[in-house]
Amino acid sequence: MAESARRAVGRRLQLPLLCLLLQGATAILFAVFVRYNHETDAALWHWGNRSNSDNEFYFRYPSFQDVHTMVFIGFGFLMAFLQRYGFSSVGFTFLLAAFALQWATLVQGFFHSFHGGHIHVGVESMINADFCAAAVLISFGAILGKTGPAQLLLMALLEVVLFGTNEFLLLSLLGVRDAGGSMTIHTFGAYFGLVLSRVLYRPRLEKSKHRQGSVYHSDLFAMIGTIFLWIFWPSFNSAPTTLGDGQHRTALTTYYSLSASTLSTFAVSALVGGDGRLDMVHIQNAALAGGVVVGTSGEMMLTPFGALAAGFLAGTVSTLGYKFFTPVLESKFKVQDTCGVHNLHGMPGVLGALLGVLVAGLATHETYGDGLESVFPLIADGQRSATSQAMHQLFGLFVTLMIASVGGGLGGLLLRLPFLDAPTDSQCYEDQIYWEVPGEHEDEAQGPLRTEEPDTQA
Amino acid sequence: MAESARRAVGRRLQLPLLCLLLQGATAILFAVFVRYNHETDAALWHWGNRSNSDNEFYFRYPSFQDVHTMVFIGFGFLMAFLQRYGFSSVGFTFLLAAFALQWATLVQGFFHSFHGGHIHVGVESMINADFCAAAVLISFGAILGKTGPAQLLLMALLEVVLFGTNEFLLLSLLGVRDAGGSMTIHTFGAYFGLVLSRVLYRPRLEKSKHRQGSVYHSDLFAMIGTIFLWIFWPSFNSAPTTLGDGQHRTALTTYYSLSASTLSTFAVSALVGGDGRLDMVHIQNAALAGGVVVGTSGEMMLTPFGALAAGFLAGTVSTLGYKFFTPVLESKFKVQDTCGVHNLHGMPGVLGALLGVLVAGLATHETYGDGLESVFPLIADGQRSATSQAMHQLFGLFVTLMIASVGGGLGGLLLRLPFLDAPTDSQCYEDQIYWEVPGEHEDEAQGPLRTEEPDTQA
Amino acid sequence: MAESARRAVGRRLQLPLLCLLLQGATAILFAVFVRYNHETDAALWHWGNRSNSDNEFYFRYPSFQDVHTMVFIGFGFLMAFLQRYGFSSVGFTFLLAAFALQWATLVQGFFHSFHGGHIHVGVESMINADFCAAAVLISFGAILGKTGPAQLLLMALLEVVLFGTNEFLLLSLLGVRDAGGSMTIHTFGAYFGLVLSRVLYRPRLEKSKHRQGSVYHSDLFAMIGTIFLWIFWPSFNSAPTTLGDGQHRTALTTYYSLSASTLSTFAVSALVGGDGRLDMVHIQNAALAGGVVVGTSGEMMLTPFGALAAGFLAGTVSTLGYKFFTPVLESKFKVQDTCGVHNLHGMPGVLGALLGVLVAGLATHETYGDGLESVFPLIADGQRSATSQAMHQLFGLFVTLMIASVGGGLGGLLLRLPFLDAPTDSQCYEDQIYWEVPGEHEDEAQGPLRTEEPDTQA
């Protein structure tokens, strides 16, 4: 008993030591490599003699703030639907994203803005780092409740590197367009997390089944996450596009797509629900699929109708996925997908990539005019035909699926290292393992917050 | 029993079928009519050879995002104060607004941006569509808890058309100024909803009385809605004004007006409260009246003092309305106004319209200088005197009240169609009729979430 | 009994009367003194013949909205962690800030934008007024739960004047740089509140001890506050800086600093926690210390590494403060610091001021280039050396601590005026004293919401 308590406390040291180690290493790398860029350095900016109103800050920062809200409020609260895992959902989202954005700044910086031995940072690197953090949080959704925070940090350590590599392959080497990240963020994050969850398969997870559901107020907290993701998704998809019409069009497209996925989600949820009743899980998640599905094609000339059609399809597929495919995923494929990321990010991400293939293949000089240069520079300067661009887009999807799957497998093996602190099957989806939970030792203690296994810490 | 169950399930099909029908019809109309405008179309934007920094996106989109937050987070959570109706408040807000914004894009597009057989869309149409969705949600507030989602969609179908018509009459034909919508949004939405609620009067609603109140945490969720509405209202009123000083001044005015309505709401709430205690209903609602009351005059030269005085008055009137007039409205006028929209949007909206009459009537070339052209173009180019503009403003209020009232009556008759699924008197304010509610079949089931009428679904 | 009830009701009149008095006085002062500035006045703006896109609105308003969100959502919900004080935390934040921003507009206006007998207002005055409101809310945090709303309004009345005076002394007379307010906002607000709390020391506060903790969902509400503060802090620190690189760099710096303070907070919280478990109090508060600590130096050339190091240190110090120093503060220094503002704003504010001394002292023409004029105008035009600037910064910290401490003492004496309504020792941290609390007289009444002292209102 005392022995196991000592071991438990010893394992608990993994989180603080890993935090300190990772933060220390990141800080040293920042000291050596990271510098202000031309838009954030006092001397460089003023040397350029440019008007302050031209600073990229004014064109990107409002979008960045919306993305930042989505990452920390959106993902955090969306995952707080679990009745006893709200502290962990919001708290570990906070921790993971705070680390991932620093590490992504380094990894993406080496790939994209490494000049003269230095990485140069500004609002664009902030947006990209937050995007990478979003992918990590998508993967987190697949394993929510079944891993400890130290495991999660290690996952982020690996995933950010692979995310950066995949992003570099697609955007820089293959010339693939994917502004809102249907491939690089959603498909990558989902399949990385799903394969990882497969490797971590827990055959006796039913021991924690009573905690896998929501309670009334936890569902309302989750809706805070959902709605913030929904309202700011137009900013997400448009944050890194070319300025002017590109950013404007992408936001508009996403707005329409999301509104259609909301209607199809309500329709299908009621159709497949018992007594025609709506299911909060569908509304909280599938209604967002419209944002995922236009991640690639949103900046292209998808047309408003195309946005509605894509959103409608994505909401439908996603809701059906929650209803019919998630159970199969567990029973047949042994993938325990806590938040259903396969339905919200996986399938809509792949659909979005394929939609991008289609819309890229239809690109003409007539439709895009001089704007072709912004959206498809390689077509505009004659290096590629539209069909060739479409093929590259398709190959990009393939590359993403490969890297995500192999990476998720590696991640799973990493997280299974025997000395890592992980919750037992009966401790899953339980805040109390990692947090001081109020009400525990007081009269006000609420039944649902009490663990029925006081011996787990003994 | 089995018969009634079958009928109940049959009625539940109304929501999904209506969603699919409306989304399908909207998508077809989009395919035929809706096109990117000059600011969102790749070819058109680049053909114009304009600087990307001139794209309207950068001047309107941050405001749009605040408006979007108000519509989906603000209204949704504000209405979640009911103890057992949080899923419906947030969820139906989500559904209704997602449909209304698409439908409004079409209706407003036909009235305002129909050129060459096409509707042209961009950030301005997004703002206007969200404004229209806000009016629909105001009407929703009057009948909250007493209608099914299929009824609500039908209401939106009708109301959006009438909203668009009224807006066109006022802004385009009558040359009325109403940037923040004291008339077109608040007065219209409130009286449409109130008359509709009158037609749907339920004499035996006391059967659901035990669910009409809040619980502690539902009031805190509602405060999330309140505060987001309050902080972003300056963006709401200023989102569609002329650029430059107009947008800037409107935001400033609204900021002051809201701060004064907050103080008067706290003062009056404590004065009329039992033992001098504050009432959450007042704070959640009346404190916002300062935003409504400067909806028309905010872009005019109201002066900072005028903003404080207007806000103070609006908060006072609104709080007194909640305390003394809402009970009379039900007992004498048979209007059951769930959220008190008469106090938050009706009276302050009318006050705001009258304030607009006053401030427009006082307009001089001296006060506005060359800015007169932006605020009162018809006065600036000599077509109207300030007095004439004031009379037109007043007539605009009259038109709004007429269309809203007649429209609300029609809406009520529409929603009373006997085959439409509506909750019974004892099912009002209850999520469980339309949602799978957690805790229902588990040990963790909370008393307040259980319906005491298990036979209602039988 | 009846006598004490009458007296209680009489005391309750203090809040409404004070609200009416303060709002009336403010409105009169606005009528006499406050005018639109060149950017918000129709005639003045158009007379200048400037492009609408040059209006300061477009450069400052998005930042303002983020600051506004922090003040009303951030502070309000962060303080809602108390199990029975959520209405008061959110509601009194709302009231206090709504008053403080009006009063601050006047006080700061007299100091900073008083020309020709008038105060001129626009988005900059809105940002500054919200900053002042933030300082008042920081002080509120130190006395949360132990004062009535009328006392709080009086505190704001005094504190805003002293805040304005201190700000004027530092920024205008001493030429100190403090864009994000490490000194003027955080240090000032914290020590004003702490000294005030000392004067209001309640030796028998253990009577309310059972209400001083959180419950599960109140901690989640508090996390809404935390995360909104965290994500928008880059906007807070950069809102009032010079445009262009200054605003951009400050946002970037704050972003990094916060991410590092998050990691160090998680690390230290787990290290010092029982069984290695994390404490929500630390995560909710200390993770934000990274924003406070770069409030002065964020606009300077701190470097990204410097931001990480500063944030790391601040998170560590703040967490250790919560764990080890807060108890001592109460037992030894008789300061009952409800929210631990000494740990979140006090120590990190002083650290931030000292960091500003250091970074200012290291300023060179080489590092800042022509940007030196924006960041350190007095060094740029040769009036001061970098060392002299550093000394002025240090003196600014000293002045701030003096004014805050003396002011807090005065404030405490003011709030102890015997006729002022204050909760008794057993009524602290209890909404029911000031609010109609739902569930009180109904079957749905929740145990934790019931007061066990029904006689307190008798």
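Scope of the values below: all heavy atoms of this structure, side chains included, with no hydrogens, waters or symmetry mates. Chain identifiers are assigned alphabetically (A, B, ...) following the order of the sequence lines, protein sequences preceding nucleic acid strands; residue numbering begins at 1 within each chain.
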>> Report which part of A/P304 has an atom under 4.5 Å of a heavy atom belonging to chain B: side chain, backbone, both, or neither.
In response: both
> Side chain, backbone, both or neither: which part of A/A309 has a non-hydrogen atom closer than 4.5 Å to chain B?
Replying inline: neither
> At a heavy-atom separation under 4.5 Å, does A/T316 approach chain B through its side chain, its backbone, both, or neither?
Replying inline: neither
> Looking at A/L271, A/L263, A/V268, which one has more heavy-atom pairs under 4.5 Å with chain B than the rest?
Replying inline: A/L263
>> Heavy-atom pairs under 4.5 Å with chain A: which of B/G91, B/P62, B/P149 has the most?
In response: B/G91
> Of the non-hydrogen atoms in A/A363 and A/A386, which two are nearest, and what is the gap between them?
Replying inline: O-CB, 3.5 Å
> When only pairs under 4.5 Å are counted, which of B/V71, B/I224, B/L17, B/T105 shares the most heavy-atom pairs with chain A?
Replying inline: B/T105
> Under a 4.5 Å heavy-atom cut-off, does chain B meet the side chain of A/L308, its backbone, both or neither?
Replying inline: side chain
> Any salt bridge between B/R50 and B/E56, counting N to O under 4.0 Å?
Replying inline: no
>> Checking A/L313 against A/V293 for the side chain to side chain contact (heavy atoms under 4.5 Å, CB included) test, could you report, in this order, the C-alpha distance in whole Å, the side-chain angles of both residues, the deciding distance, and whether it holds?
In response: CA-CA 9 Å; A/L313 182 65; A/V293 80; over 6 Å; no
> Which bit of A/T250 comes within less than 4.5 Å of chain B, counting heavy atoms only: side chain, backbone, both or neither?
Replying inline: neither
>> Closer than 3.5 angstrom, by distance alone: can the side chain of A/S218 be matched with the main-chain N or O of A/F81 as a donor-acceptor pair?
In response: yes
> Top residue by heavy-atom pair count (under 4.5 Å) with chain A, among B/H38, B/E39, B/H46, B/Q102?
Replying inline: B/H46
>> Heavy-atom cut-off 4.5 Å, strictly under: side chain, backbone, both or neither for B/D66 against chain A?
In response: neither
> Measuring heavy-atom distances to chain B, does A/S374 have an atom under 4.5 Å in its side chain, in its backbone, in both, or in neither?
Replying inline: side chain
> B/H68 and A/Y255: aromatic ring centres closer than 6.0 Å?
Replying inline: yes
> Are A/Y256 and B/F30 near enough that their ring centres are under 6.0 Å apart?
Replying inline: yes
> Quick one: does B/R35's side chain have a donor or acceptor within less than 3.5 Å of a partner on B/A31's backbone?
Replying inline: yes
>> Given heavy-atom pairs under 4.5 angstrom as the criterion, report whether the side chain, backbone, both or neither of A/L372 touches chain B.
In response: neither
>> Taking every non-hydrogen pair under 4.5 Å, which of A/G246, A/S259, A/S53 racks up the most with chain B?
In response: A/S259
> Non-hydrogen atoms of chain B under 4.5 Å away: do they reach the side chain of A/T367, the backbone, both or neither?
Replying inline: backbone
> Is a side-chain donor or acceptor of B/Y429 paired with a backbone partner of B/L82 at a separation under 3.5 angstrom?
Replying inline: no
>> Please evaluate residues A/E430 and A/R211 with respect to the criterion side chain to side chain contact (heavy atoms under 4.5 Å, CB included), reporting the C-alpha separation (whole Å), side-chain torsions for both, the decisive distance (0.1 Å), and the verdict.
In response: CA-CA 7 Å; A/E430 173 62 61; A/R211 279 188 235 103; 3.0 Å; yes
> Of the listed residues (B/Y61, B/F99, B/W47, B/F64), which shares the most heavy-atom pairs with chain A below a 4.5 Å separation?
Replying inline: B/Y61
> Looking at B/L15, B/L20, B/V34, B/I73, which one has more heavy-atom pairs under 4.5 Å with chain A than the rest?
Replying inline: B/I73
> Picking from B/W435, B/F75, B/F72, what satisfies ring-ring contact (aromatic ring centres under 6.0 Å, His included) with B/F92?
Replying inline: B/W435
>> Less than 4.5 Å to any heavy atom of chain B: does that hold for the side chain of A/A307, its backbone, both, or neither?
In response: neither
>> Please classify the contact between A/D54 and chain B as side chain, backbone, both or neither, with a heavy-atom cut-off of under 4.5 Å.
In response: neither
>> Among B/F87, B/W45, B/F77, which residue has the highest count of heavy-atom pairs closer than 4.5 Å to chain A?
In response: B/F87
> Which region of A/F312, side chain (C-beta onward) or backbone (N, CA, C, O), has a non-hydrogen atom less than 4.5 Å from a non-hydrogen atom of chain B, or is it both or neither?
Replying inline: side chain
>> Which heavy atom of A/V90 sits nearest to which heavy atom of A/A80, and what is that distance?
In response: CG2-CB, 4.2 Å
> In terms of heavy-atom proximity below 4.5 Å to chain A, should B/F221 be classed as side chain, backbone, both, or neither?
Replying inline: side chain
> Does B/T40 reach the main-chain N or O of B/Y36 with its side chain, forming a donor-acceptor pair under 3.5 Å?
Replying inline: no
> Roughly how far, to the nearest 0.5 Å, is the CD atom of A/Q83 from the CG atom of A/D431?
Replying inline: 11.0 Å
> Tell me, side chain or backbone of B/N52 under 4.5 Å from chain A's heavy atoms, or both, or neither?
Replying inline: both
> Counting heavy-atom pairs under 4.5 Å to chain B, which of A/T265, A/D370, A/V281, A/V375 comes out on top?
Replying inline: A/D370
> Under a 4.5 Å heavy-atom cut-off, does chain B meet the side chain of A/E366, its backbone, both or neither?
Replying inline: backbone
>> Shorter than 4.5 Å, heavy atoms on both sides: which option in A/Q65, A/M223, A/Q247 has the most such pairs with chain B?
In response: A/Q247
>> Strictly distance-based, threshold 3.5 Å: is any side-chain N or O of A/Q389 a donor or acceptor partner for the main-chain N or O of A/A360?
In response: no
>> If the threshold is 4.0 Å, N to carboxylate O, is there a salt bridge linking A/E299 and A/R249?
In response: no
